[in-house]
S.K.: 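Please see the structure below; I have some questions.
Just so it is clear, the model here is predicted, and its values are computed rather than measured.
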2 protein chains.
Amino acid sequence: MDNTPDHCRVATTMEMIIGKWKIAIMLNLIHYGTMRFSELRHVMPGVTQKVLTSQLRDLEQEGIVKRVVYPQVPPKVEYSMTEYGMSLQTILEMMHEWGKAHLQRKTQMLFSKDTDNQNDKNN
Amino acid sequence: MDNTPDHCRVATTMEMIIGKWKIAIMLNLIHYGTMRFSELRHVMPGVTQKVLTSQLRDLEQEGIVKRVVYPQVPPKVEYSMTEYGMSLQTILEMMHEWGKAHLQRKTQMLFSKDTDNQNDKNN
DNA sequence: ACCTATAGTTTCTTCAAAGAAACTAACCAA
DNA sequence: TTGGTTAGTTTCTTTGAAGAAACTATAGGT
């Protein structure tokens with residue numbers, strides 16, 4: 001009675017955090033501690049500068065990621081998880097584990113499909 | 001060295017599961033056990049039939065949701081989490097909790113912004 | 001003959017997120 | 001003065017997801 005419309009809003013909240021590359025960014029920052037912009041780009045080839053920037057801005061605005069600019073030339077900007085952001089660590093790592101297992105499961109299902117007809121022959 | 005490109009793929013996997021309404025669907029199914037199509041629609045006003053159907057199909061295809069059709073007129077179709085889907089329960093509930101707290105935090109920040117200037121007066 | 005209920009499907013439209021590619025700023029080194 | 005480095009921004013295009021609204025199938029009731 002008080003938990004029903006809840007579900008919707010919570011999902012909405014999670015979406016802010018889950019945007020194509022945000023999980024990957026956070027996992028990398030948790031793993032490496034602190035990273036420069038170019039390092040993030042390096043461990044995540046496939047994301048464009050524009051998108052990476054905007055995802056980082058989003059996370060920063062939510063208080064999950066901290067951005068530190070060093071006034072140098074060439075520029076140096078370091079990103080890291082805030083303490084608040086770290087409250088997501090367990091969830092993110094569970095997602096990571098679950099996702100890995102899920103991929104394995106799907107791969108297995110592809111193989112077992114091929115051998116499905118000859119099921120008891122091969123074992 | 002073996003965990004870097006990983007992050008990308010895992011995020012990709014999670015995306016399949018996180019699509020606008022999927023978290024809400026799963027949380028509801030976990031909470032209520034088994035639900036008819038119309039019941040899902042009822043607890044999630046705001047989602048159209050088309051979208052609800054397609055999200056359910058996705059979840060079904062991933063082996064997370066089970067769909068049971070009763071050959072009746074008018075039709076009766078029941079949805080529930082599979083055992084495999086239930087392996088997401090902990091993650092989903094943690095997301096639920098975290099999301100709730102996150103919303104509260106943001107609400108608080110809105111209020112505290114108003115009173116920020118008079119900070120030590122009020123306490 | 002018509003209405004109702006349930007669980008969809010179909011078609012058309014809209015919109016935001018994402019991608020590609022080029023451009024910028026600032027300073028240093030050769 | 002040309003080039004290199006880093007961390008972006010800008011512009012334009014593409015794509016996919018989602019929404020709105022109407023249509024479908026089927027049987028039982030009146």
Side-chain angles (χ1 to χ4, degrees), chain A residues 5 7-26 28-29 32 34-62 64-80, chain B residues 5 7-26 28-29 32 34-62 64-80:
Chain A
H7 291 325
C8 306
R9 273 194 257 131
V10 170
T12 304
T13 304
M14 290 312 292
E15 266 167 60
M16 295 183 318
I17 275 150
I18 288 147
K20 191 76 177 174
W21 297 100
K22 286 184 190 144
I23 297 180
I25 291 172
M26 290 187 281
N28 276 303
L29 289 182
Y32 291 108
T34 290
M35 300 180 83
R36 300 183 58 170
F37 186 80
S38 53
E39 290 173 327
L40 279 167
R41 244 194 331 160
H42 184 245
V43 297
M44 290 186 291
V47 60
T48 61
Q49 285 186 306
K50 186 197 97 174
V51 171
L52 181 53
T53 307
S54 83
Q55 305 277 292
L56 283 167
R57 292 289 183 282
D58 289 352
L59 290 170
E60 193 192 352
Q61 220 211 319
E62 298 290 336
I64 289 164
V65 160
K66 185 171 51 184
R67 178 171 178 267
V68 179
V69 182
Y70 296 86
Q72 306 177 353
V73 171
K76 176 176 174 183
V77 179
E78 279 184 351
Y79 292 94
S80 57
Chain B
H7 292 323
C8 307
R9 272 192 259 129
V10 170
T12 304
T13 304
M14 289 312 291
E15 268 167 60
M16 294 183 319
I17 277 151
I18 290 147
K20 192 74 175 171
W21 297 101
K22 286 184 190 142
I23 297 180
I25 291 172
M26 289 187 283
N28 276 303
L29 289 182
Y32 291 107
T34 290
M35 299 179 82
R36 300 183 60 170
F37 186 80
S38 51
E39 289 173 328
L40 280 167
R41 245 195 327 162
H42 184 245
V43 296
M44 291 186 291
V47 59
T48 61
Q49 284 186 309
K50 186 196 99 177
V51 171
L52 182 54
T53 308
S54 84
Q55 305 278 291
L56 283 167
R57 292 289 182 283
D58 290 352
L59 290 171
E60 192 191 354
Q61 221 211 319
E62 298 291 337
I64 289 165
V65 160
K66 185 171 50 179
R67 179 170 178 268
V68 179
V69 182
Y70 296 86
Q72 307 177 352
V73 169
K76 174 176 173 181
V77 180
E78 279 184 350
Y79 293 93
S80 57

S.K.: Work out which heavy atom in A:Ile64 is nearest to a heavy atom in A:Met26; give both atom names and the distance.
M.R.: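 Looking at all heavy atoms of both residues, the shortest contact is CG2-SD, 3.8 Å.
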S.K.: Decide yes or no on side chain to side chain contact (heavy atoms under 4.5 Å, CB included) for A:Thr53 and A:Arg57, but give the supporting numbers first.
M.R.: CA-CA 6 Å; A:Thr53 307; A:Arg57 292 289 183 282; 3.8 Å; yes
S.K.: Answer yes or no: does a side-chain N or O of B:Arg36 lie under 4.0 Å from OP1 or OP2 of C:dA7?
M.R.: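 Yes, B:Arg36 has a side-chain N/O under 4.0 Å of OP1/OP2 on C:dA7.
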S.K.: Output side-chain donor-acceptor pairs under 3.5 Å for residues 65-78 of chain A, partner residues at least two apart or in another chain, one line each.
M.R.:
residue	atom	partner	partner atom	Å
A:Arg67	NE	A:Tyr79	OH	3.2
A:Tyr70	OH	A:Glu78	OE1	3.1

S.K.: By nearest heavy atom, map A:Val77 and B:Gly46 onto DNA chain D; which one lands nearer the 5' end?
M.R.: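 It is A:Val77, whose closest nucleotide lies nearer the 5' terminus.
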S.K.: Tell me whether the OP1 or OP2 atom of C:dG8 has a side-chain N or O from B:Tyr79 closer than 4.0 Å.
M.R.: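 Affirmative; the distance criterion is met.
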S.K.: Reading DNA chain D 5' to 3', which nucleotide is the first, and which the last, to come under 4.0 Å of any heavy atom in chain B?
M.R.: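 The contact span of chain B on DNA chain D goes from D:dA18 to D:dA27.
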S.K.: Whole Å only: how far is the NZ atom of A:Lys76 from the P atom of C:dC28?
M.R.: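 For the pair A:Lys76 NZ and C:dC28 P, the rounded distance is 17 Å.
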S.K.: What distance separates A:Ser54 OG from A:Glu60 CD, expressed to the nearest 0.5 Å?
M.R.: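 Result: 12.0 Å between the selected atoms.
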S.K.: Do you know the tightest heavy-atom contact between A:Ser80 and A:Thr34?
M.R.: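 Smallest interatomic distance, heavy atoms only, reads CB-OG1, 3.7 Å.
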S.K.: Return the minimal non-hydrogen interatomic distance between B:Asn28 and B:Met35, and the atom names on each side.
M.R.: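 Smallest heavy-atom distance, with atoms named: O-SD, 3.9 Å.
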S.K.: Taking atom CG of B:Leu56 and atom CD1 of B:Ile25, what is their separation to the nearest 0.5 Å?
M.R.: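 B:Leu56 atom CG to B:Ile25 atom CD1 measures 4.5 Å (nearest 0.5 Å).
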S.K.: Any residue in residues 48-55 of chain B with a heavy atom nearer than 4.0 angstrom to DNA chain D? Just list them by number, or reply none.
M.R.: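 Contacting residues: B:Thr48, B:Lys50, B:Val51, B:Gln55.
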S.K.: Could you check if a side-chain atom of B:Leu52 sits within less than 4.5 angstrom of a side-chain atom of B:Trp21, using non-hydrogen atoms only?
M.R.: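 Contact flag for B:Leu52/B:Trp21 side chains = no.
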S.K.: Starting from the 5' end of DNA chain C, give me the residue, B:Val69 or A:Val73, whose nearest nucleotide shows up first.
M.R.: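 Residue closer to the 5' terminus by nearest nucleotide: B:Val69.
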S.K.: Kindly say if B:Arg67 contacts the phosphate of C:dG8, meaning a side-chain N or O under 4.0 Å from OP1 or OP2.
M.R.: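 So the side chain of B:Arg67 is within the cut-off, an N or O lying under 4.0 Å from OP1 or OP2 of C:dG8.
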